[in-house]
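What you see is a predicted model, and the numbers here were worked out from it, not measured in a lab.
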Amino acid sequence: MNDSWGFKIEETDWKGPESVYKKLTREPRFKRHQIMKHWTLAFLLLLDPEGLTQQALGQKKSEDWLPHFLERLDPENALANKMNSLGKQPTRAQVIATAATHFRSRSPLTSLWVIPTTAKATELDIEQADKAIDHIITDRSGEVPLPDNLPWFNAPVKLVTLARFPHFDYLARAYASTKEERYAAAMVRDMLDFVEHVPLSKSVDYHVQVAANLNPWNWVLLQWRVKRWIDVLAHLRASPSLSDEDYLRILNYMWDEVDWLVPHKILGLHNGTLGNASTILYASLQYPEARSASLWQSDSTALLDSFLDTAFYPREFLIELTLGYSEGTLLMCSTMFESLPDTPAKDRISPKLEAIFDAHVGMMKPDRSIPRYGDHGIYDIRDRVLRKGAQLFDRPDLAKIADQSGAKERSDGFQSFPFESNPYYLSGYYAMRNGWDMDAQYLSMDAGPFGTNHQHGDKLSITLSADGAAFIVDPGTSLYTSAEPGPRYDMRLGFLHNVITIDGIDPNTGWDRHYAFDVLENRWVTNPVYDFLEGTYEFRNNLLDAMWRRSVFYVKDDYWILIDAIYGEGEHRVESNLQFMVGNEVQLEDDRAQATAPNGATLDVAEAFGA
């Protein structure tokens, strides 16, 4: 049975009128009936008048960070032994130097997750880093000039991500490439500014979902801030711009935030929950010296295990049902999984995670991207899914698909996805194909719920590729973060996808189910000769008395037949919308269209019959 332990601080009289001897004893927080181990750690402290005493005596712990930091160290860690070796009268400077040297002298204990130490700066990185020194910060929505005192509690709407420190990405890369201390000094300045002006005590006034520009502890901010700070401290280990005391102050603040996050993390069935858990795990892996590290690791591991059962449809996709977010969340899962020590929990997680990898491979287009249904999309999954899956699960068939453009077969013989006919299936993504090579014929359809977040009006939309060319595509999202209405919002509309509209009404995300509570009613047949798929959409949800059934029959190596059947009464105007890939030349005739791709491949779209 595992026990939860904490430090108990006892103060006893010691020689010297202004000295305090502090003995830290390790005791169980909860009494157990079994035999307990008792530990004594006497590393803090008899402090001389030139050391900690003047600040420590007669003041609350919150007014000096060092006692709080030392209380939180694991008494069984090597750092505790180093502290013990200082003797009974270390000065404050000795304590700080010993602790800081311990952290600064070792390499990161796991690979950096956000800003690798090997990262190289581009010319654009250098340009943006130079501006960030003067608080002109660049994020996806553009450049934003900011005052010397950064507005952590009132960030501009155009830069709602301020408190997750997006500028540290290019500042850290610039520092890694040039070793110019002005970049390091800018990062130290902004971290200390945050530590000074954003005390964790203020978090009681905010819920984690209060708007990000007003709340530094918003769930989309804190997780990235902690990860970036961990990486930046690794980059600045040898920097003279970061003093030992400031290093420990920043580390102490960061540990406080992780401790706060454990009970306050948002528990939702989306990528934000996993982001919070991954931050907690990352801190536990990089800082086993923290007394809370074992709790951090067990908490985040348990959440990852349950997340794969609840936030993903079993063996399928994230219930948000936007493939870009699903793949990105899968990447977070794989990073966490790969970093876990070998435990029964990791053994439980492995087969679930492998099945989800396989589902994303199943939806992969011949060009090794994933269809851009919903917000966002991933253009190349060779490293992130294929090679990573091959590494994690000993899957040479995935590595072969990643490395060989002409690889037509998998070792299991599967082609179209789902890999079996009429499965128990909830997410509603389907892919027809005649092989895994980059010249393969491929058609996908989104025939499931709209998803719980990031939805587009793309119900029954298709994408199509063949002969090394993308022909019919989903537009996805061109600009995600913006203070102004623009492409993200516009591209959610149904008619911009490959769907039908009836009397100007297209599939609407607000009027249909967003979550699948039971197996879908779609029909799906797959075998080596042909595939067949049928899905439906109720326009009645749009206050239009009509139902749309889309069926696709695919004769492998040859052609597709797509049938749109509409059920209802009266006369209506029906439009069929197809979005061709940029660069295709499309010739239109009365009942036919021919698209020619830049590589010379062609797709003929012919109307076979109508009403």
Side-chain angles (χ1 to χ4, degrees), residues 308-309 312-318 323 326-327 329-331 333-338 340 342 346-371 378-445 463-468 470 524-533 554-558 560:
L308 293 174
D309 293 327
F312 283 86
Y313 288 119
R315 308 173 71 86
E316 300 176 28
F317 303 92
L318 193 68
L323 284 173
S326 188
E327 190 273 353
T329 305
L330 177 60
L331 182 66
C333 290
S334 67
T335 300
M336 293 176 69
F337 172 79
E338 189 174 14
L340 289 175
D342 292 332
K346 188 171 186 178
D347 292 339
R348 281 196 310 273
I349 291 168
S350 181
K352 294 187 283 190
L353 191 62
E354 181 179 1
I356 295 171
F357 263 82
D358 241 346
H360 287 73
V361 173
M363 285 301 296
M364 181 186 70
K365 298 169 64 174
D367 64 1
R368 298 346 188 207
S369 68
I370 292 181
I378 302 300
Y379 293 101
D380 192 334
I381 67 168
R382 277 175 285 197
D383 283 339
R384 296 159 61 104
V385 176
L386 292 171
R387 294 188 181 104
K388 180 58 68 176
Q391 171 198 337
L392 293 179
F393 308 112
D394 190 22
R395 292 285 301 274
D397 57 329
L398 300 185
K400 181 179 179 181
I401 294 172
D403 298 334
Q404 300 179 21
S405 62
K408 291 185 66 69
E409 303 294 333
R410 283 173 41 139
S411 58
D412 52 22
F414 291 146
Q415 287 186 342
S416 299
F417 180 82
F419 299 127
E420 298 177 352
S421 298
N422 292 324
Y424 184 87
Y425 194 52
L426 299 171
S427 58
Y429 291 129
Y430 298 85
M432 302 174 172
R433 59 165 29 95
N434 67 340
W436 295 92
D437 56 295
M438 298 187 78
D439 290 331
Q441 297 172 354
Y442 170 95
L443 182 145
S444 72
M445 184 191 293
T463 71
L464 190 150
S465 301
D467 298 330
W524 170 247
V525 178
T526 182
N527 58 55
V529 179
Y530 71 89
D531 294 330
F532 176 77
L533 172 62
Y554 171 45
V555 177
K556 296 193 175 184
D557 301 323
D558 207 345
W560 289 273

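Between Trp436 and Glu409 there is no side-chain heavy-atom pair separated by less than 4.5 Å. Counting only heavy atoms from C-beta outward, the side chains of Asn422 and Tyr424 never approach each other to under 4.5 Å. Between His360 and Ile370, the closest side-chain pair of non-hydrogen atoms falls below 4.5 Å. You'll find the side chain of Pro314 reaches within 4.5 Å of the side chain of Leu426, heavy atoms only. The shortest side-chain heavy-atom distance between Leu308 and Cys333 falls under the 4.5 Å cut-off. Taking the side chain as every heavy atom from C-beta outward, Trp560 and Val555 never approach each other to under 4.5 Å.
The shortest non-hydrogen separation linking Gly362 to Phe417 is O-CB, 3.5 Å. In terms of heavy-atom proximity, Met363 sits nearest to Ala431 at SD-CB, 3.9 Å. Leu330 and Phe312 get closest at one heavy-atom pair: N-CZ, 4.2 Å. Among all heavy-atom pairs drawn from Arg315 and Ala359, the shortest one is O-CB, 3.6 Å. Listed here is the closest heavy atom pair of Ser334 and Phe357: CB-CZ, 3.7 Å. Residues Ser444 and Pro371 come closest through the heavy atom pair OG-CG, 3.7 Å.
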**Report entry** Worked check of side-chain contact (heavy atoms from CB on, under 4.5 Å) between Leu340 and Ile349
**Finding:** CA-CA 10 Å; Leu340 289 175; Ile349 291 168; 4.1 Å; yes

Query - From CA spacing to verdict: side-chain contact (heavy atoms from CB on, under 4.5 Å), Met432, Met445 - result: CA-CA 9 Å; Met432 302 174 172; Met445 184 191 293; over 6 Å; no

Requested in this report: Please step through side-chain contact (heavy atoms from CB on, under 4.5 Å) for the pair Asn434 and Tyr554, ending with a clear verdict.
Outcome: CA-CA 10 Å; Asn434 67 340; Tyr554 171 45; 3.3 Å; yes

**Report entry** Evaluation steps, side-chain contact (heavy atoms from CB on, under 4.5 Å), between Leu386 and Arg395
**Finding:** CA-CA 9 Å; Leu386 292 171; Arg395 292 285 301 274; over 6 Å; no

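Classification of Lys388 and Asp383 as a salt-bridged pair fails, no side-chain N sitting under 4.0 Å from a carboxylate O.
To the nearest 0.5 Å, atoms OG (Ser411) and CG (Asp397) are separated by 3.5 Å. Asp531 CG to Gln415 CD: the interatomic distance, rounded to the nearest 0.5 Å, is 8.0 Å. Distance check, rounded to the nearest 0.5 Å: OH of Tyr442 to CG of Leu464 gives 9.5 Å.
Side-chain polar atoms of Asp380 and Ser369 form no donor-acceptor pair below 3.5 angstrom. With no hydrogens or angles considered, no side-chain donor-acceptor pair links Ser421 and Thr526 at under 3.5 Å. Between the side chains of Tyr429 and Glu316, no donor N or O sits under 3.5 Å from an acceptor N or O.
Although no hydrogens or angles enter the test, the distance criterion places a donor-acceptor pair under 3.5 Å between the side chain of Ser326 and the main chain of Leu318. A donor-acceptor contact shorter than 3.5 Å links the side chain of Arg433 to the backbone of Gly435.
Partners of Asp309 by side chain to side chain contact (heavy atoms under 4.5 Å, CB included), not counting sequence neighbours, listed by chain and number: Asp305, Lys352. Legend: residues meeting side chain to side chain contact (heavy atoms under 4.5 Å, CB included) with Phe414, ordered by chain and number and at least two apart, are Arg410, Asp412, Phe419.
Judged by the 6.0 Å and 45° rule, Lys556 forms no cation-pi pair with Tyr530.
By the 30° and 60° cut-offs, the orientation of the rings of Trp524 relative to Tyr430 is tilted.
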Show the atom names and distances, to 0.1 Å, of all donor-acceptor pairs under 3.5 Å that link a side chain in residues 398-408 to residues at least two apart or in another chain.
{"residue": "Asp403", "atom": "OD1", "partner": "Arg387", "partner atom": "NE", "Å": "2.9"}
{"residue": "Asp403", "atom": "OD1", "partner": "Arg387", "partner atom": "NH2", "Å": "2.9"}
{"residue": "Lys408", "atom": "NZ", "partner": "Asp437", "partner atom": "OD1", "Å": "3.3"}

